[in-house]
Amino acid sequence: MALKIATWNVNSINARLETALSVLKTIDVDVICLQELKCEDAKFPRAAIEDLGFNVETHGQKAYNGVAILSKHRFEEVSRGLPFLEGANDIDEQSRYIEAVIEAPGGPFRVGGLYAPNGNPVATEKFDYKVRWMERLTAHAKRLLKLEESFVLAGDYNIIPRDGDADDPASWVGDALFTPEAKNAYRRLTNLGLVDAFMQTDGRAGQYTFWDYQAGAWRRNHGIRIDFLMCSPQAADRLESVVIHKEARAMEKASDHVPVIAAFGAAR
């Protein structure tokens with residue numbers, strides 16, 4: 001039986017709880033990484049999620065950011081926060097990364113859930129933070145690759161990797177998501193050996209995971225693809241399929257993102 005791992009930016013778990021619960025029931029995944037919880041750990045609707053059969057680990061923050069991993073299998077290890085670069089003397093108060101080892105059928109599977117910074121406007125501290133944060137993610141991915149195990153780094157990357165990942169690429173020129181720095185951050189991950197699950201199994205242009213609430217973007221299909229599951233070579237070898245659950249965007253009180261679901265077979 002395949003192990004189904006998903007990522008979804010819920011854009012405020014409590015404001016959209018009924019929608020989120022309905023989606024979780026529909027997609028029926030083993031593990032899901034949630035982003036943009038917009039609540040502290042104590043305010044996360046743990047009981048409602050646990051009633052669906054999930055174990056819950058969160059890394060929340062009041063009103064902003066926040067990530068969680070939900071798993072129907074046992075957690076072995078859990079860590080919160082992205083490690084800093086060696087020698088750096090930084091402080092990061094933003095809750096954007098959580099990682100766990102899942103005791104899944106077929107063997108342990110490491111899952112990192114992330115919410116990368118937006119970075120707008122460009123030429124501000126917000127953009128510098130985005131660049132530095134992605135450097136930290138790349139360094140952490142290097143460390144994980146040395147373990148030679150199945151893992152995914154799943155989340156909202158806030159990067160549009162190629163023109164085909166935007167309905168109107170020209171409209172994104174100058175936006176932090178579409179800058180050379182953002183695209184290079186994505187390429188550095190793939191150059192390390194990580195595999196974008198969607199690109200391995202599908203790769204078509206025009207397959208989006210985000211539609212803005214403004215200007216009828218959903219109705220007009222003016223979307224972008226910014227939510228990825230980046231797989232280690234061992235995970236990529238097990239990858240069977242990827243589905244973008246677009247139906248979630250059409251629901252009442254929908255998030256502006258939709259779940260992306262990858263299915264992994266047994267280790268070979």
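Hydrogens, waters and symmetry mates are skipped; everything else that's a heavy atom, side chains included, is used.
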**Q** Is it the case that the side chain of K246 and the backbone of P259 share a donor-acceptor pair, with hydrogens and angles ignored and the cut-off at 3.5 Å?
**A**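 Not confirmed, K246 side chain does not pair with P259 backbone.
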**Q** Are the side chain of N184 and the backbone of P180 linked by a donor-acceptor contact shorter than 3.5 Å?
**A** yes
**Q** Ignoring hydrogens and geometry beyond distance, is a side-chain donor-acceptor pair present between Q35 and T7 at under 3.5 Å?
**A**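 Q35 vs T7: donor-acceptor pair found between side chains.
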**Q** Dump the intermediate steps for side chain to side chain contact (heavy atoms under 4.5 Å, CB included) on L177 and I159, then the final yes or no.
**A** CA-CA 5 Å; L177 280 64; I159 294 172; 5.9 Å; no
**Q** Decide, yes or no, whether a salt bridge links K130 with E181 under the criterion of side-chain N to carboxylate O below 4.0 Å.
**A** no
**Q** Pair up each side-chain donor or acceptor in residues 60-72 with any protein partner under 3.5 Å, not counting sequence neighbours, and list the distances.
**A**
unit_1 : atom_1 : unit_2 : atom_2 : d
Q61    : OE1    : N65    : ND2    : 3.1
Q61    : OE1    : S95    : N      : 2.8
N65    : OD1    : R96    : NH2    : 3.1
S71    : OG     : H73    : N      : 3.0
S71    : OG     : H73    : O      : 2.7
K72    : NZ     : D28    : OD1    : 3.1

**Q** Report yes if the distance between the aromatic ring centroids of H222 and Y208 is under 6.0 Å, otherwise no.
**A**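 For H222 and Y208, the ring centres are not under 6.0 Å apart.
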**Q** Roughly how far apart are C33 SG and L114 CG, rounded to 0.5 Å?
**A**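 The distance works out to 8.0 Å.
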**Q** About how many Å separate CD1 of I49 and CG of L24, when rounded to the nearest 0.5 Å?
**A** 5.5 Å
**Q** Establish, yes or no, whether the cationic atom of K183 lies under 6.0 Å from the six-membered ring centre of F178 and within 45° of the ring axis.
**A** yes
**Q** Transitively linked via ILVMFWY side-chain contacts under 4.5 Å: L82 with V111?
**A**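 Yes, because L82 and V111 connect within a single hydrophobic cluster, where side-chain heavy atoms sit under 4.5 Å apart.
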**Q** Under 4.0 Å between a Lys/Arg side-chain N and an Asp/Glu carboxylate O for E148 and K146?
**A** no
**Q** Could you state whether V10 and Y213 fall into the same hydrophobic cluster, counting links through intermediate Ile, Leu, Val, Met, Phe, Trp or Tyr residues with side-chain heavy atoms under 4.5 angstrom apart?
**A**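 Cluster IDs for V10 and Y213 differ.
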**Q** With distance as the sole criterion, is a donor-acceptor pair present between the side chains of D167 and N221 under 3.5 Å?
**A** no
**Q** With rounding to the nearest 0.5 angstrom, report the CD to CG distance, Q234 to L239.
**A**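 If we round to the nearest 0.5 Å, Q234:CD and L239:CG are 13.5 Å apart.
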**Q** Stepwise, does the side chain to side chain contact (heavy atoms under 4.5 Å, CB included) test hold for L229 with F198?
**A** CA-CA 8 Å; L229 293 100; F198 171 81; over 6 Å; no
**Q** So do the side chains of I5 and I32 get within less than 4.5 Å of each other, counting heavy atoms only?
**A** no
**Q** Does D165 reach the main-chain N or O of R225 with its side chain, forming a donor-acceptor pair under 3.5 Å?
**A**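 Absent.
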**Q** Measure from the side-chain N and O atoms of R238 to the backbone N and O of G265, and report whether any donor-acceptor pair falls under 3.5 Å.
**A** yes
**Q** Pairing donors with acceptors under 3.5 angstrom, does anything connect the side chains of D92 and Y97?
**A**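 Side chains of D92 and Y97: no pair found under 3.5 Å.
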**Q** Heavy atoms only: give me the nearest S232-S150 pair and the separation to one decimal.
**A** OG-CA, 3.6 Å
**Q** Check whether any side-chain N or O of W8 sits under 3.5 Å from a backbone N or O of H257 as a donor-acceptor pair, and report yes or no.
**A** yes
**Q** Side chain to side chain contact (heavy atoms under 4.5 Å, CB included) with A139: which residues, sequence neighbours excluded?
**A** L85, R143
**Q** Less than 4.5 Å apart, any side-chain heavy atom of C39 and any of I13?
**A**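 The answer is yes, as the side chains (C-beta and beyond) meet within the 4.5 Å cut-off.
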**Q** Determine whether a donor-acceptor pair (N or O, by modelled atom type, separation under 3.5 Å) exists between the side chain of T201 and the backbone of A197.
**A** yes
**Q** Before accepting this row, confirm whether a basic side-chain N of the pair R110/E99 lies closer than 4.0 Å to the acidic partner's carboxylate O.
**A** yes
**Q** Indicate whether the side chain of N120 and that of N118 have a donor and an acceptor atom separated by less than 3.5 Å.
**A**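 Looking only at side-chain atoms, N118 and N120 do form a donor-acceptor pair, the distance falling under 3.5 Å.
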**Q** Can you tell if the side chain of P108 reaches within under 4.5 Å of the side chain of E103, non-hydrogen atoms only?
**A**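 Yes. Closest side-chain heavy atoms under 4.5 Å.
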**Q** How long is the span from the CE atom in M251 to the OG1 atom in T19, to the nearest 0.5 Å?
**A**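 Reported to 0.5 Å precision, the distance equals 5.0 Å.
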**Q** Is it the case that the ring center of F109 lies less than 6.0 angstrom away from the ring center of F264?
**A**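 Ring centres of F109 and F264 closer than 6.0 Å.
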**Q** Look at K38 together with E36 and state whether they make a salt bridge at an N to O cut-off of under 4.0 Å.
**A** yes
**Q** How about H245 and V260: do any of their side-chain heavy atoms sit closer than 4.5 Å?
**A**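 With C-beta onward as the side chain, the pair stays apart.
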**Q** Between V56 and E50, is a side chain to side chain contact (heavy atoms under 4.5 Å, CB included) present by the stated rule, with each step listed?
**A** CA-CA 7 Å; V56 176; E50 290 177 339; 3.9 Å; yes
**Q** Between E57 and R46, is there a side-chain N and carboxylate O pair less than 4.0 Å apart?
**A** no
**Q** Looking at every heavy atom in both P121 and F127, which two are closest together, and how far apart are they?
**A**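 Closest approach of P121 to F127, heavy atoms only: O-CB, 4.0 Å.
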**Q** Is a side-chain N or O of D156 found less than 3.5 angstrom from the main chain of N9, in a donor-acceptor match?
**A** no
**Q** For W211 and R220, what are the C-alpha separation, side-chain angles and deciding distance, and is it a side chain to side chain contact (heavy atoms under 4.5 Å, CB included)?
**A** CA-CA 9 Å; W211 297 260; R220 299 180 182 188; over 6 Å; no
**Q** Between R16 (side chain only) and A254 (backbone N and O only), is there a donor and an acceptor less than 3.5 Å apart?
**A**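 Between the backbone of A254 and the side chain of R16 there is a qualifying donor-acceptor contact (under 3.5 Å).
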**Q** Spell out, yes or no, whether V152 and L144 are grouped together once hydrophobic residues are joined by side-chain heavy atoms under 4.5 Å, including indirect joins.
**A**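 Same hydrophobic cluster.
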**Q** Testing the 3.5 Å rule here: is there a donor-acceptor pair between the side chains of D196 and Y186?
**A** yes
**Q** Answer with yes or no whether the hydrophobic clustering places I27 together with F228; edges join I, L, V, M, F, W, Y residues whose side-chain heavy atoms lie under 4.5 Å apart.
**A**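 No, it is not one cluster - the side chains of I27 and F228 are not joined through contacts under 4.5 Å.
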**Q** So do the side chains of V195 and P233 get within less than 4.5 Å of each other, counting heavy atoms only?
**A** no
**Q** Could you see if L34 belongs to whatever hydrophobic cluster contains I226? Use Ile, Leu, Val, Met, Phe, Trp, Tyr and a side-chain cutoff under 4.5 Å.
**A**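 L34 and I226: separate clusters.
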**Q** Quick one: are M134 and L137 in side-chain contact, heavy atoms under 4.5 Å?
**A** yes
**Q** From M199 CE over to C231 SG, what is the distance, rounded to the nearest 0.5 angstrom?
**A** 13.0 Å
**Q** Give, for atom CH2 of W172 and atom CD1 of I224, the distance between the pair rounded to the nearest 0.5 Å.
**A**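 So the gap between those two atoms works out to 3.5 Å.
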**Q** Would you call I98 and T58 a side-chain contact if the rule is heavy atoms closer than 4.5 Å?
**A**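 No, every pair of side-chain atoms sits at 4.5 Å or beyond.
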**Q** Where do H140 and P83 come nearest, in terms of heavy atoms and distance?
**A** ND1-CG, 3.7 Å
**Q** Residues two or more places apart in sequence or in another chain: which of them pass side chain to side chain contact (heavy atoms under 4.5 Å, CB included) with A141?
**A**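 Side chain to side chain contact (heavy atoms under 4.5 Å, CB included) list for A141, sorted by chain: L153, L189, L192, L194.
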**Q** For the residue pair T124 and V122, establish whether any side-chain heavy-atom pair is separated by less than 4.5 Å.
**A** no
**Q** Side-chain donor-acceptor pair under 3.5 Å between D227 and T209, yes or no?
**A**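 Note: D227 and T209 side chains meet the donor-acceptor criterion.
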**Q** For residues A116 and N158, report the shortest heavy-atom separation together with the two atoms involved.
**A** O-ND2, 2.9 Å
**Q** Testing the basics here: between G106 and A267, what is the closest heavy-atom pair and its distance to 0.1 Å?
**A**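 Where G106 meets A267 most closely, the heavy atoms are O-CB, 4.1 Å.
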**Q** Could you report the tightest heavy-atom contact between S12 and A15, atom names first, then the distance?
**A** OG-CB, 3.2 Å
